[in-house]
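This is a predicted model, so every value here is computed, not measured. Any value given below was found using the heavy atoms of this structure, including those in side chains, with hydrogens, waters and symmetry copies removed.
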Amino acid sequence: VQLQASGGGLVQAGDSLRLACVASRRTYSSHVMGWFRQAPGKEREFVAAIRWGSGATYYADSVKGRFTISRESATNTVYLQMNTLKPEDTAIYFCARGNYYDTVASAYKDWGQGTQVTVSS
């Protein structure tokens with residue numbers, strides 16, 4: 001499967017962005033879709049995840065209350081609505097698909113190419 005992420009950009013602190021990730025093949029109820037991010041010189045870190053079947057969501061503490069992950073089954077699309085963005089949110093954001101929920105990147109076997117989010121102060 002190919003995952004195509006989009007929606008990144010350059011914004012100011014306090015602004016919002018919505019990222020989208022479209023899967024080239026059907027995502028099944030057993031799948032988990034996740035968003036990770038990687039800032040320069042840092043390791044890839046978990047941001048949010050959603051169970052495709054139940055819609056249960058999970059967030060990193062750093063984004064809880066500001067980011068919302070959602071899915072649209074008909075189009076195999078997962079979204080990440082990012083509000084009240086901070087300069088520390090600056091990173092390349094990756095979407096990923098796995099067979100179970102985890103906050104560790106290695107648990108996800110399919111990855112998109114990433115989209116850059118830059119938040120200026």
Close side-chain approach of [X] to [Y], heavy-atom, < 4.5 Å:
X   : Y    : value
N83 : S16  : yes
V78 : W35  : yes
T90 : Q116 : yes
F94 : L19  : no
H31 : N99  : yes

- Looking at residues at least two apart in the chain, or sitting in another chain, which of them share a side chain to side chain donor-acceptor pair (under 3.5 Å) with Q4?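 In terms of side chain to side chain donor-acceptor pair (under 3.5 Å), with neighbours along the sequence ignored, Q4 is linked to no residue.
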To the closest 0.5 Å, what do you measure between [atom1] ([X]) and [atom2] ([Y])?
X    : Y    : atom1 : atom2 : result
S6   : R18  : OG    : CZ    : 9.0 Å
T27  : R97  : OG1   : CZ    : 4.5 Å
D15  : K86  : CG    : NZ    : 14.5 Å
M33  : D110 : CE    : CG    : 8.5 Å
Y100 : S30  : OH    : OG    : 13.5 Å
Q38  : E43  : CD    : CD    : 8.5 Å

- For F36, all residues meeting ring pair (Phe, Tyr, Trp, His ring centres under 6.0 Å), sequence neighbours excluded: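 Partners of F36 under the ring pair (Phe, Tyr, Trp, His ring centres under 6.0 Å) test: F46, Y108, W111.
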- Task: Check whether more than 12 heavy atoms from other residues, nucleotides or ligands sit under 6.0 Å from atom CD of Q2, and answer yes or no.
- Result: no
- Message: With a 3.5 Å distance limit and no angle check, can you tell me whether T77 reaches the backbone of V22 through a side-chain donor-acceptor pair?
- Response: no
- Query: Backbone N or O of I69 within a donor-acceptor pair of the Y59 side chain at under 3.5 Å?
  - Reply: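 Yes.
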Determine whether [X] and [Y] fall in the same hydrophobic cluster, where Ile, Leu, Val, Met, Phe, Trp and Tyr are linked whenever their side-chain heavy atoms lie under 4.5 Å apart.
X   : Y   : value
V11 : V63 : yes
L85 : L80 : yes
L17 : Y79 : no

- Could you list the residues that satisfy salt bridge (Lys or Arg N to Asp or Glu O under 4.0 Å) with R66, not counting sequence neighbours? D89
Testing the basics here: between [X] and [Y], what is the closest heavy-atom pair and its distance to 0.1 Å?
X    : Y    : result
S24  : V1   : OG-CG2, 3.5 Å
A49  : V32  : CB-CG1, 4.0 Å
R71  : S54  : NH2-C, 4.0 Å
F67  : V47  : CD2-CG1, 3.7 Å
G114 : I92  : CA-CG2, 3.8 Å
P87  : S121 : CG-CB, 3.8 Å

